[in-house]
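Heads up: the structure comes next, in structure tokens.
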There are 2 protein chains.
Amino acid sequence: MSGTIRLLLADDQALVRGALSALLGLEPDLEVVAEVGAGDEVVPAALEHRPDVALLDVEMPRMDGIEATAALRVALPTTRVLVVTTFGRPGYLRRAMQAGASGFVVKDTPAAQLADAVRRVHAGLRVVDPALAADSLAAGESPLSNREAEVLRASRGGAPVAAVARQLHLSEGTVRNHLSAAIGKTLAANRTEAVRIADDNGWL
Amino acid sequence: MSGTIRLLLADDQALVRGALSALLGLEPDLEVVAEVGAGDEVVPAALEHRPDVALLDVEMPRMDGIEATAALRVALPTTRVLVVTTFGRPGYLRRAMQAGASGFVVKDTPAAQLADAVRRVHAGLRVVDPALAADSLAAGESPLSNREAEVLRASRGGAPVAAVARQLHLSEGTVRNHLSAAIGKTLAANRTEAVRIADDNGWL
DNA sequence: TGAGCCGCCTGACAATTGTCACGCCGGACC
DNA sequence: GGTCCGGCGTGACAATTGTCAGGCGGCTCA
């Protein structure tokens with residue numbers, strides 16, 4: 001293990017990616033060796049540059065940061081993953097940890113703490129925002145069944161029941177029923193509200 | 001005019017704010033003199049630190065970046081404003097320019113270009129992503145009437161007609177009618193879709 | 001094996017949403 | 001003045017959405 005920690009940065013917004021690179025580059029013991037803008041570029045870049053720690057955003061095109069975490073753990077088990085995200089959704093945290101992430105940081109945290117988080121992750125420790133961990137525990141597992149989640153996902157853009165039914169090869173009655181169950185479980189009054197709530201909790 | 005350009009940074013995400021500060025701090029001719037995390041802190045901080053250029057995010061709590069732009073132009077007309085945003089919504093661009101912004105940059109742009117954008121704005125030039133400008137021109141003004149936009153805003157979270165009607169002191173029939181008109185104008189099939197489209201275009 | 005539970009599927013019915021025709025008012029134009 | 005808009009407000013009606021009762025199959029557990 002050399003003196004500097006090698007980093008891979010993944011974020012779909014080039015400006016943010018570059019800014020994070022500048023921020024971490026100020027630390028003498030950190031070195032950014034690769035930057036990518038999409039989830040499916042993470043593993044190839046990691047294989048080429050062999051980073052010690054990968055900072056992955058959750059919201060990315062083609063493959064999200066959580067899938068990328070899982071793929072990276074398989075391809076390069078020695079590289080540790082620190083997930084960095086805009087939204088502190090309980091489900092994101094739980095799923096990221098299950099996928100093998102070592103840490104989870106929201107973009108609200110002070111800039112000064114990021115370098116420390118990287119060092120801790122590199123040292124083998126787990127880094128999780130305590131407040132977020134509490135939320136995650138409180139929210140618990142998704143109460144939605146597979147079909148319910150699937151129907152909610154298909155309804156995201158406000159698609160009518162008929163379209164969802166065709167897409168999933170179900171009768172309209174079935175779709176309405178799953179939707180109704182999801183509305184009940186999310187304590188919503190609407191499909192629209194149900195989608196919002198499920199999304200906010202990272203259940204979709 | 002001194003040798004260095006004094007900057008104010010406003011972004012609600014502390015990590016991004018700090019990272020941008022690090023990025024711009026690398027440039028010898030730029031100096032970050034103030035950082036804030038909410039729109040209503042922009043003017044007080046600007047009055048205290050007298051920046052040459054203010055970088056404002058659009059998405060901020062309490063007061064958004066566009067309102068903050070307008071307020072800053074009134075309070076400190078010599079400070080130029082560069083709006084930096086996650087979403088390249090045509091309406092955002094138009095409204096930001098009307099509010100007196102000198103430039104508009106989305107967070108997708110390469111990090112290397114940001115410092116240049118700042119220098120150009122400081123020099124009195126306007127900085128706008130050409131592709132975004134074309135979109136803005138194509139999308140044009142909002143086709144929605146005041147009431148229609150108001151009803152759409154109130155329907156955002158998926159609130160039922162009855163609730164919207166109470167909130168705006170209208171009959172349910174009226175609310176449904178405005179909603180119907182909005183659905184027609186946005187070429188949507190739903191109120192949900194109409195809200196999404198209007199939001200994406202920055203019409204709300 | 002059989003009872004109980006759960007996820008999934010479906011159609012009938014009630015509630016909500018979207019459409020339409022209409023009336024009212026104020027501003028632009030002749 | 002008169003006419004022609006456009007935005008706004010309203011209720012009746014049609015279409016969509018949400019609820020409910022019930023059927024089917026797989027799984028667990030006694």
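Quick caveat, the model's predicted, so the values are computed rather than measured. Below, chains carry the letters A, B, ... as their sequence lines are ordered, and counting in each starts from 1.
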Original post:
Below 4.5 Å, heavy atoms only, C-beta onward: do A/E59 and A/T85 meet side chain to side chain?
Top reply: yes
**OP:** With sequence neighbours left out, write down each residue that passes side chain to side chain contact (heavy atoms under 4.5 Å, CB included) with B/Q167, or none if nothing qualifies.
**Re:** B/A154
Original post:
Quick one: salt bridge (charged side-chain N to carboxylate O under 4.0 Å, His left out) pairs with a partner in residues 64-81 of chain B, sequence neighbours left out?
Top reply: none
Original post:
Which ones in residues 165-186 of chain B lie close to DNA chain C, meaning a heavy atom under 4.0 Å from one of its atoms?
Top reply: B/R176, B/N177, B/S180
Original post:
At how many degrees, to 10°, do the end axes of the helix from C/dT1-D/dA30 to C/dC30-D/dG1 meet when each uses five pairs?
Top reply: 20°
Subject >> salt bridge (charged side-chain N to carboxylate O under 4.0 Å, His left out) partners of residues 155-169 of chain B, not counting sequence neighbours, each pair once >> reply: B/R156-B/D199
**OP:** State, yes or no, whether a side-chain contact exists between B/W203 and B/P90 at a heavy-atom distance under 4.5 Å.
**Re:** no
Original post:
With sequence neighbours excluded, what pairs up with B/R153 under the side-chain hydrogen bond (donor to acceptor under 3.5 Å, both in side chains) test?
Top reply: none
Acceptor/donor pairs from residues 175-184 of chain A side chains to any protein atom, 3.5 angstrom cut, sequence neighbours excluded:
none

Original post:
side-chain hydrogen bond (donor to acceptor under 3.5 Å, both in side chains) with B/R62: which residues, sequence neighbours excluded?
Top reply: B/D40, B/E41
Original post:
Does A/T69 reach the main-chain N or O of A/G65 with its side chain, forming a donor-acceptor pair under 3.5 Å?
Top reply: yes
Original post:
Under the 3.5 angstrom rule, does the side chain of B/S155 hit a backbone N or O of B/G158 as a donor-acceptor pair?
Top reply: no
**OP:** Please list, in 5' to 3' order, the outermost nucleotides of DNA chain C lying under 4.0 Å from any heavy atom of chain A.
**Re:** C/dC8 to C/dG11
Subject >> Selection: residues 144-158 of chain B, any non-hydrogen atom under 4.0 Å of DNA chain D >> reply: B/S145, B/N146, B/R147
Counting only pairs under 3.5 Å, give me each side-chain donor-acceptor contact of residues 92-108 of chain B, with atom names and distances, residues two or more places apart or in other chains.
unit_1 : atom_1 : unit_2 : atom_2 : d
B/Y92  : OH     : B/R89  : NH1    : 3.1
B/R95  : NH1    : B/G202 : O      : 2.6
B/K107 : NZ     : B/D11  : OD2    : 3.0

Original post:
Quick one: side chain to side chain contact (heavy atoms under 4.5 Å, CB included) partners of B/E35, sequence neighbours excluded?
Top reply: B/L9, B/R17, B/S21, B/V32
